[in-house]
2 protein chains.
Amino acid sequence: MQKQPTIRDVAAAAGVSVAVVSRVLNPGSGPVAETTRGRVNEVMETLGYHPRTAARELKHGPPTTLGLLLADVSNPFFARLADQVVQEAHSRGIQVLLMTTQEDDQLESERLSTLIERRVSGIIATPTGNNLEIWKKLQDMGTDVVFVDRSIPALPEVDVVTINNIESARSATALLAAHGHRRIAIISGPATSTTGRDRIAGYREALEAAGLEQDDLLVRSAAFRGAAGGDAMTALLNLDDPPTALVVANTAQVTAVLRRLAHAGVSIPDELSVIVFEDSPWTELMTPPLTIVRQPIDLLARHSVQLALSRASGKSSGKPTVVRVDAELIERSSVGRPRVRT
Amino acid sequence: MQKQPTIRDVAAAAGVSVAVVSRVLNPGSGPVAETTRGRVNEVMETLGYHPRTAARELKHGPPTTLGLLLADVSNPFFARLADQVVQEAHSRGIQVLLMTTQEDDQLESERLSTLIERRVSGIIATPTGNNLEIWKKLQDMGTDVVFVDRSIPALPEVDVVTINNIESARSATALLAAHGHRRIAIISGPATSTTGRDRIAGYREALEAAGLEQDDLLVRSAAFRGAAGGDAMTALLNLDDPPTALVVANTAQVTAVLRRLAHAGVSIPDELSVIVFEDSPWTELMTPPLTIVRQPIDLLARHSVQLALSRASGKSSGKPTVVRVDAELIERSSVGRPRVRT
DNA sequence: AATAAAAGTGGAACCGGTTCCATTATGTTT
DNA sequence: AAACATAATGGAACCGGTTCCACTTTTATT
């Protein structure tokens with residue numbers, strides 16, 4: 001358990017002042033003779049010196065850390081988002097503090113306190129929808145806040161990066177309508193989430209455009225966590241006039257829904273055509289391969305990181321930025337024509 | 001962009017010294033009159049004061065951050081590990097800095113430098129297998145290093161948490177043998193990884209116990225990244241005497257292997273019985289549902305965090321700890337009797 | 001009531017860097 | 001060679017907390 005050398009140890013060993021060592025550490029912060037630089041670097045090497053980030057950050061801390069606050073990381077969508085965000089951040093020399101809320105606003109509040117104490121330069125988050133005052137405070141402090149995947153309408157001044165949920169749900173629904181389906185159901189996220197609301201809006205748009213009747217019984221909201229998706233599925237199957245097609249727009253509940261379908265022995269696409277919002281490699285391996293809405297996670301990550309670092313890099317404009325990227329509808333084999341009712 | 005209040009601002013506003021405020025901040029560090037405490041807390045509240053972590057850590061920084069260095073997070077196994085580690089850490093008030101190596105030792109080295117500079121109290125990592133000197137240095141510095149899922153034999157003094165790979169592969173292989181298979185193949189991780197080696201060892205043990213002939217052509221190593229798994233699969237299918245059963249023990253390559261099988265039109269389990277090391281919910285939704293080896297990720301996470309914090313909590317024993325948790329073989333429908341050769 | 005012990009508080013050094021400013025060494029211009 | 005700009009360096013304050021120690025006030029002991 002050796003004690004780590006400090007900048008003063010280095011200075012002493014190299015026979016220079018700490019100021020010089022600091023200049024060697026931060027090229028461009030001042031002139032250093034070439035020979036001196038060499039000697040100092042040598043000493044740092046032999047002493048195994050590593051400048052301590054905590055000390056560096058104390059003085060006008062350069063933005064070197066970014067908070068990533070997600071609902072959870074076991075959800076593959078968030079996992080891949082996290083992966084991309086981390087890679088993107090690393091490529092800019094930024095570190096990522098990963099936190100999860102489990103969709104719990106109490107936990108979210110605690111995590112945000114931690115991030116405030118750390119004085120992170122930016123936060124990328126999937127907000128629960130509450131803790132409005134804390135989000136505001138963060139912005140006041142000069143933290144770059146970016147909501148990804150969802151947003152909070154009551155906080156219009158926050159940057160947002162999402163997929164075009166309305167359009168995604170619209171095109172998925174339209175594809176089903178084009179196949180001749182008239183009873184199209186949707187299982188989406190809770191109506192309290194912008195994601196859920198937008199997807200349902202897109203769904204309704206498509207129905208209207210196709211001249212189909214709307215039936216609120218075919219619109220189901222499922223919570224992000226738990227088995228809600230399965231229950232919603234069961235309810236749909238038990239309807240007097242069950243749907244012949246389904247859009248599963250609540251990413252978190254896709255597997256729960258499919259499990260219920262498998263359990264009920266519903267054949268896809270003969271009895272039910274299905275489109276899911278999910279881009280797991282597994283969707284292609286299912287029987288039949290699923291038609292999916294692919295969310296461009298890499299773009300979400302890239303834009304999020306960029307915005308979360310924008311103020312730091314001085315590109316802060318006055319008004320909030322909203323980035324809406326397009327999802328891709330990938331047709332495979334889980335959509336067919338509706339079976340003629342017997 | 002308001003400037004944040006400091007402890008001195010609070011002290012001034014409350015009419016006390018900074019020492020008193022600090023004591024209020026750290027209960028137990030010294031006596032404070034009840035009325036004073038109340039007043040100080042009140043001032044902190046109205047001023048919106050949050051102590052700055054960087055400053056706190058400067059002085060004998062309490063272990064408040066933990067590094068989690070994984071290959072990547074898009075792999076669901078690592079994603080769920082990350083999720084559990086973060087939850088476990090949060091429940092102890094510890095933050096997690098997430099980093100990825102992409103299995104690249106150069107990147108790993110850079111990440112480790114960052115972690116050294118941050119003086120994290122512990123690191124949980126899936127090591128690439130190189131950078132031995134850095135790992136040693138980390139330990140010398142007093143950092144709690146824990147290897148999870150894999151280990152580095154050349155570094156026996158590092159704590160390790162893994163599943164019992166030998167036994168897992170053995171029992172999976174034994175199950176196939178018990179079904180009458182005589183040509184059992186395995187696709188595992190690279191032989192440079194302990195995980196890969198152990199799983200192959202368990203596989204061989206099972207063959208021996210069953211009195212089956214070993215054929216090196218049936219043992220394939222696939223790199224963690226890329227399409228290596230698919231190529232290995234193709235090679236196996238093209239054998240003169242192809243296997244009738246397969247263990248896919250390289251978690252990262254499971255989907256690549258299955259994709260190739262689907263593409264080749266190999267029917268499971270009629271033409272090939274399959275067991276995979278993978279616990280994604282999707283495995284249950286496949287046709288047929290896959291027989292899997294389930295890795296107890298929650299246990300891995302819990303033990304890892306505990307060890308990574310052990311020195312901090314003073315429970316440092318002399319010798320390194322090795323935790324080996326048992327995986328669970330879950331039988332579903334992808335294993336059958338070998339088809340009689342025509 | 002005198003004395004000892006405990007509680008409450010403040011002053012100031014310290015952690016390990018960065019940075020401003022003054023000072024000295026070196027180089028260029030006329 | 002004088003005058004001046006520039007390069008290189010060092011001293012010391014500073015960032016925002018923690019902590020040691022000395023000092024004052026309160027409470028307990030006999």
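What's counted below: heavy atoms across the whole structure, side chains too, no hydrogens, waters or symmetry copies. Here is the naming used below: chain letters follow the sequence lines, and residue numbers restart at 1 for every chain.
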Does CD in B:Glu157 sit with more than 12 non-hydrogen atoms of other residues, nucleotides or ligands closer than 6.0 Å? yes

Which listed nucleotide (C:dG10, D:dG17, D:dC15) is nearest to the side chain of B:Val20? C:dG10

Looking at the side chain of A:Arg23, which of C:dC15, D:dT9, D:dG16 is the nearest nucleotide? D:dT9

At under 4.0 Å, does any side-chain N or O of B:Arg56 touch on OP1 or OP2 of D:dT18? yes

Quick one: which of D:dT18, D:dC15, D:dC20 gets closest to the side chain of B:Val18? D:dT18

Quick test of your reading of the model: are A:Arg92 and A:Glu88 salt-bridged, counting only N-O distances below 4.0 Å? yes

So does B:Asp298 pair up with B:Arg80, basic N to acidic O under 4.0 Å? no

Can you see if the side chain of B:Thr36 gets near the phosphate of C:dT9 - specifically, an N or O under 4.0 Å from OP1 or OP2? yes

OP1 or OP2 of D:dG10 versus the side-chain N and O atoms of A:Ser17: is any pair under 4.0 Å? yes

Nucleotide D:dT26, atom C1' - distance to CD of B:Glu34 in whole Å: 16 Å

What about B:Arg8, does its side chain sit under 3.5 Å from the base of D:dG17 through a donor-acceptor pair? yes

When you check the phosphate oxygens OP1 and OP2 of C:dT19, does a side-chain N or O of A:Ser29 lie under 4.0 Å from one of them? no

Taking 4.0 angstrom as the limit, do B:Glu34 and B:Arg37 come out as a salt bridge? yes

Using heavy atoms to find the nearest nucleotide of DNA chain D for B:Gln4 and A:Arg37 separately, return the residue whose nucleotide is more 5′. A:Arg37

